Q: 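Input: one structure, supplied below.
These figures come from a predicted structure and were not determined experimentally.
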Amino acid sequence: MRVRHPLLTGGIIAIAAAALVACGSSAPSASAPAQPSDTTVDVAYVPASLFAPLYVAMGKGYFTQRHIDVHLTTVAAGQDAIALAASNKVQAVLAGFSAGMFNGINSGLDVKVVGSMAGEPSGQAADGLVVSSQMAGTVKTPADLRGKKIGVSGGPGAAGGYLLAEALAPYHLTLKDVTPVNLPLPEQAAALKSGGVAAALMSSPFLSDAVSSGTGKLIASAQPGTSVTGVIYGDAFAKSPAAQPFFDALAQGAQDLQGAQAKATPNLEIEAKAIGQKLSVLQQQPADVFDPRLAPPVATLDSMQQVFQQAGLLNYSTPLPSSRYVDNTYSANVPKT
């Protein structure tokens, strides 16, 4: 259904009134209805292609159409912003899920996971375990990494730590059987070359660059569809009138990235500008998958909590029920397209 914009309606009324006055009519003049004022939403985010719906929604004006003014704040990791969302210093966080998030919620921080972001594509890996070329002869599978140093952006309690645990699990290893080292993605290739780590849990474009250059060899890929990043609301914002329109704009951005549109040049140009990446790099890396309604990845979140507990990274022993940290009402209420 097409909805008439209030400014358009007011403009027609004003023109008609002016015409009547010019003709000497005594008809009362009509003024355009006041335009709704914009709501400012401060968003803490990690500048990565994993959050493409945000960039597309901003670039195409989907927030503006809903009278939302988005202000972005860059953070190194999602757990850095959880307390900010709980105290309403930022209203939303777009980042990876982490042990720090679960610990914060258990400690009383009032935040909820309301949506998902990038899911692992099928075919070419976007995230995976890469062993250094020097050790490729002796490390054939993740089973051969027992006791060895593995680079992980954010460390074992970050989203990458969970992906590492999932890569080790089929070989009966856990995070306790290796030595995860907090190593930012841009520094992982150098660490592999120098022997600082035996392997690294890498993400594109760093993963594809390391493999194509011969720096390392991919020995395990993340499971297709796995989403370890998403949208987190603070309680105050969750109760505000802007919470659903903000989410709807994000979902509209995700809907523009379905199928082949994920690699469409106009969308990639918006993304490249937003994160300061070359267009050619984004064209070569695997396309992330986004749920068109950005539904929260409840099963993965429950699994992450279990993995972090087994690794001794959580400060509580009884798992939190998903109802404590997930709210799927926003994704359920996204307008049908």
Q: Could you go through the side-chain contact (heavy atoms from CB on, under 4.5 Å) check for Arg66 and Phe246 one step at a time?
A: CA-CA 8 Å; Arg66 293 168 171 85; Phe246 176 86; over 6 Å; no
Q: Could you see if Phe63 belongs to whatever hydrophobic cluster contains Phe51? Use Ile, Leu, Val, Met, Phe, Trp, Tyr and a side-chain cutoff under 4.5 Å.
A: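 Linked, Phe63 and Phe51 end up in one cluster.
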Q: Quick check against the 3.5 Å criterion: does Lys278 have a side-chain atom that pairs as donor or acceptor with the backbone of Ala272?
A: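 No.
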Q: Would Thr74 and Tyr45 count as a side-chain contact (heavy atoms from CB on, under 4.5 Å) if you check the C-alpha gap in whole Å, the side-chain angles of each, and the deciding distance to 0.1 Å?
A: CA-CA 5 Å; Thr74 302; Tyr45 82 116; 3.8 Å; yes
Q: Check whether any side-chain heavy atom of Leu314 lies under 4.5 Å from a side-chain heavy atom of Asn106, and answer yes or no.
A: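 Side chain of Leu314 against side chain of Asn106, heavy atoms only: no contact under 4.5 Å found.
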Q: Does Asn267 use its side chain to pair, donor to acceptor, with the backbone of Asp256 at less than 3.5 Å?
A: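 Answer holds: yes.
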Q: If you take all heavy atoms of Phe290 and Ala254, which pair is closest and at what distance?
A: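 Looks like CB-CB, 4.1 Å.
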Q: Within a 6.0 Å radius of atom CD on Gln258, are there more than 12 heavy atoms belonging to other residues, nucleotides or ligands?
A: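 Yes, because the 6.0 Å sphere around CD of Gln258 holds more than 12 heavy atoms from other groups.
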Q: Flag the pair Val178 / Leu168 as yes when at least one side-chain heavy-atom distance between them is below 4.5 Å, and no otherwise.
A: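 They are in side-chain contact.
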Q: Looking at Ser322 and Asp302, what are the two nearest heavy atoms and their distance?
A: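 Looks like CB-OD1, 3.8 Å.
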Q: Would the distance check show the side chain of Gln134 and the main-chain N or O of Lys193 forming a donor-acceptor pair, the cut-off being under 3.5 Å?
A: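 Side chain of Gln134 to backbone of Lys193, a donor-acceptor pair under 3.5 Å: yes, one is there.
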Q: For a ring pair (Phe, Tyr, Trp, His ring centres under 6.0 Å) check, start with the C-alpha distance between Tyr162 and Phe97, then their side-chain angles and the critical distance, and finish with the verdict.
A: CA-CA 9 Å; Tyr162 171 75; Phe97 306 126; 9.9 Å; no
Q: Shortest non-hydrogen contact from Ala189 to Met202?
A: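 So the minimum-distance heavy-atom pair works out to N-CE, 4.3 Å.
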Q: For Ser317 and Gln309, work out which heavy atoms get closest and say how close.
A: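 In this case the closest contact between Ser317 and Gln309 is O-NE2, 3.1 Å.
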Q: Does the side chain of Met304 reach to within under 4.5 Å of the side chain of Thr300, using non-hydrogen atoms?
A: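 They are in contact (side-chain heavy atoms under 4.5 Å apart), so the answer is yes.
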Q: Using the rule that two of Ile, Leu, Val, Met, Phe, Trp, Tyr join whenever any of their side-chain heavy atoms come within less than 4.5 Å, decide whether Val113 and Val43 are in one cluster.
A: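 No, Val113 does not connect to Val43 through the hydrophobic network.
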Q: How many angstroms lie between atom CD1 of Ile270 and atom CG of Leu282, to the nearest 0.5 angstrom?
A: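 Here the interatomic distance stands at 12.0 Å.
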Q: Quick one: are Met117 and Leu50 in side-chain contact, heavy atoms under 4.5 Å?
A: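 No, too far: nothing below the 4.5 Å cut-off.
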Q: Counting only heavy atoms not in Lys263, do more than 12 fall under 6.0 Å of its NZ?
A: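 More than 12 heavy atoms, drawn from other residues, nucleotides or ligands, come within 6.0 Å of this atom.
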Q: How are the rings of Phe102 and Tyr325 set to each other: parallel, tilted or perpendicular (split at 30° and 60°)?
A: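 Answer is perpendicular, since the angle exceeds 60°.
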Q: Verify, without hydrogens or angle tests, whether Ser116 (side chain) and Ala295 (backbone) share a donor-acceptor contact under 3.5 angstrom.
A: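 Checked: pair present.
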Q: Taking all non-hydrogen atoms of both residues, which atom of Val75 and which atom of Pro47 are closest, and how far apart?
A: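 It is O-CD, 4.2 Å.
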Q: Compare all side-chain heavy atoms of Asp42 with those of Lys89 and state whether any distance is below 4.5 angstrom.
A: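 Side chain of Asp42 against side chain of Lys89, heavy atoms only: no contact under 4.5 Å found.
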Q: Which residues pass the side-chain hydrogen bond (donor to acceptor under 3.5 Å, both in side chains) test with Ser227, sequence neighbours left out?
A: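 With neighbours one apart ignored, the set is empty.
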Q: Does Ser204 use its side chain to pair, donor to acceptor, with the backbone of Leu207 at less than 3.5 Å?
A: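 No.
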Q: For residues Leu185 and Gln188, determine if any side-chain heavy atom of one lies less than 4.5 Å from a side-chain heavy atom of the other.
A: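 They are in side-chain contact.
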Q: Indicate yes or no for a side-chain donor-acceptor contact from Glu271 to the backbone of Val56 under 3.5 Å, with no hydrogens or angles considered.
A: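 It does not hold such a pair.
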Q: Are the side chains of Gln305 and Tyr316 in touch, meaning some heavy atoms are under 4.5 Å apart?
A: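 Yes; the side chains approach each other to less than 4.5 Å.
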Q: Please name the pair of heavy atoms, one in Ser153 and one in Ala158, separated by the smallest distance, quoted to 0.1 Å.
A: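 Smallest heavy-atom distance, with atoms named: O-CB, 3.5 Å.
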Q: About how many Å separate CD of Glu166 and CG of Leu175, when rounded to the nearest 0.5 Å?
A: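 Here the interatomic distance stands at 9.5 Å.
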Q: Tyr233 vs Asp327, test: side-chain contact (heavy atoms from CB on, under 4.5 Å). Steps then yes/no.
A: CA-CA 9 Å; Tyr233 277 1; Asp327 186 345; over 6 Å; no
Q: Using only atom types and a distance under 3.5 Å, with no angle test, would you say the side chain of Arg293 pairs donor to acceptor with the backbone of Ala332?
A: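 Judged by distance alone, yes, a pair lies under 3.5 Å.
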Q: How long is the span from the OG atom in Ser87 to the CD1 atom in Ile82, to the nearest 0.5 Å?
A: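 Rounded to the nearest 0.5 Å, the OG-CD1 separation comes to 11.0 Å.
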Q: Is any side-chain heavy atom of Leu192 closer than 4.5 Å to one of Val197?
A: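 Sidechains of Leu192 and Val197: in contact.
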Q: Using the rule that two of Ile, Leu, Val, Met, Phe, Trp, Tyr join whenever any of their side-chain heavy atoms come within less than 4.5 Å, decide whether Val90 and Leu54 are in one cluster.
A: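 Not linked; separate clusters.
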Q: Treating Gln285 as the side-chain partner and Ala126 as the backbone partner, does any N or O pair qualify as donor plus acceptor under 3.5 Å?
A: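 Side chain of Gln285 to backbone of Ala126: no pair is present.
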Q: Let me check something: do Val334 and Val289 share a hydrophobic cluster, defined by ILVMFWY side-chain heavy atoms less than 4.5 Å apart, either directly or through other members?
A: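 Different hydrophobic clusters.
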Q: Look at the side chain of Asn103 and the backbone N and O of Leu313, then say whether any donor-acceptor pair between them is shorter than 3.5 Å.
A: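 Between the backbone of Leu313 and the side chain of Asn103 there is a qualifying donor-acceptor contact (under 3.5 Å).
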Q: Within the side chain of Gln244, is there an N or O that forms a donor-acceptor pair under 3.5 Å with the backbone of Pro241?
A: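 Such a contact is absent between Gln244 side chain and Pro241 backbone.
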Q: Indicate, with yes or no, if Phe308 and Leu109 share a hydrophobic cluster defined by side-chain heavy-atom contacts under 4.5 Å among Ile, Leu, Val, Met, Phe, Trp and Tyr.
A: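 Looking at the clustering, Phe308 is in the same group as Leu109.
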Q: State the CG-CD distance between Leu163 and Glu120, to the nearest 0.5 angstrom.
A: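 If we round to the nearest 0.5 Å, Leu163:CG and Glu120:CD are 7.0 Å apart.
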Q: Output the distance between atom CD (Gln261) and atom CD (Gln255), rounded to the nearest 0.5 Å.
A: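 Gln261 CD to Gln255 CD: 12.5 Å, rounded to 0.5 Å.
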Q: What pairs meet the salt bridge (Lys or Arg N to Asp or Glu O under 4.0 Å) rule with one or both residues in residues 134-154, with sequence neighbours excluded?
A: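 Every salt bridge (Lys or Arg N to Asp or Glu O under 4.0 Å) pair that includes a residue of residues 134-154, provided the two are not neighbours, is Arg146-Asp177.
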Q: Would one find more than 12 heavy atoms of other residues, nucleotides or ligands at under 6.0 Å from atom NZ of Lys217?
A: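 Open.
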Q: Checking Ile275 against Ser49 for the side-chain contact (heavy atoms from CB on, under 4.5 Å) test, could you report, in this order, the C-alpha distance in whole Å, the side-chain angles of both residues, the deciding distance, and whether it holds?
A: CA-CA 7 Å; Ile275 64 176; Ser49 58; 4.3 Å; yes
Q: What's the separation between atom CG in Leu257 and atom CG in Asp291, rounded to the nearest 0.5 Å?
A: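 Taking CG in Leu257 and CG in Asp291, the distance rounds to 12.5 Å.
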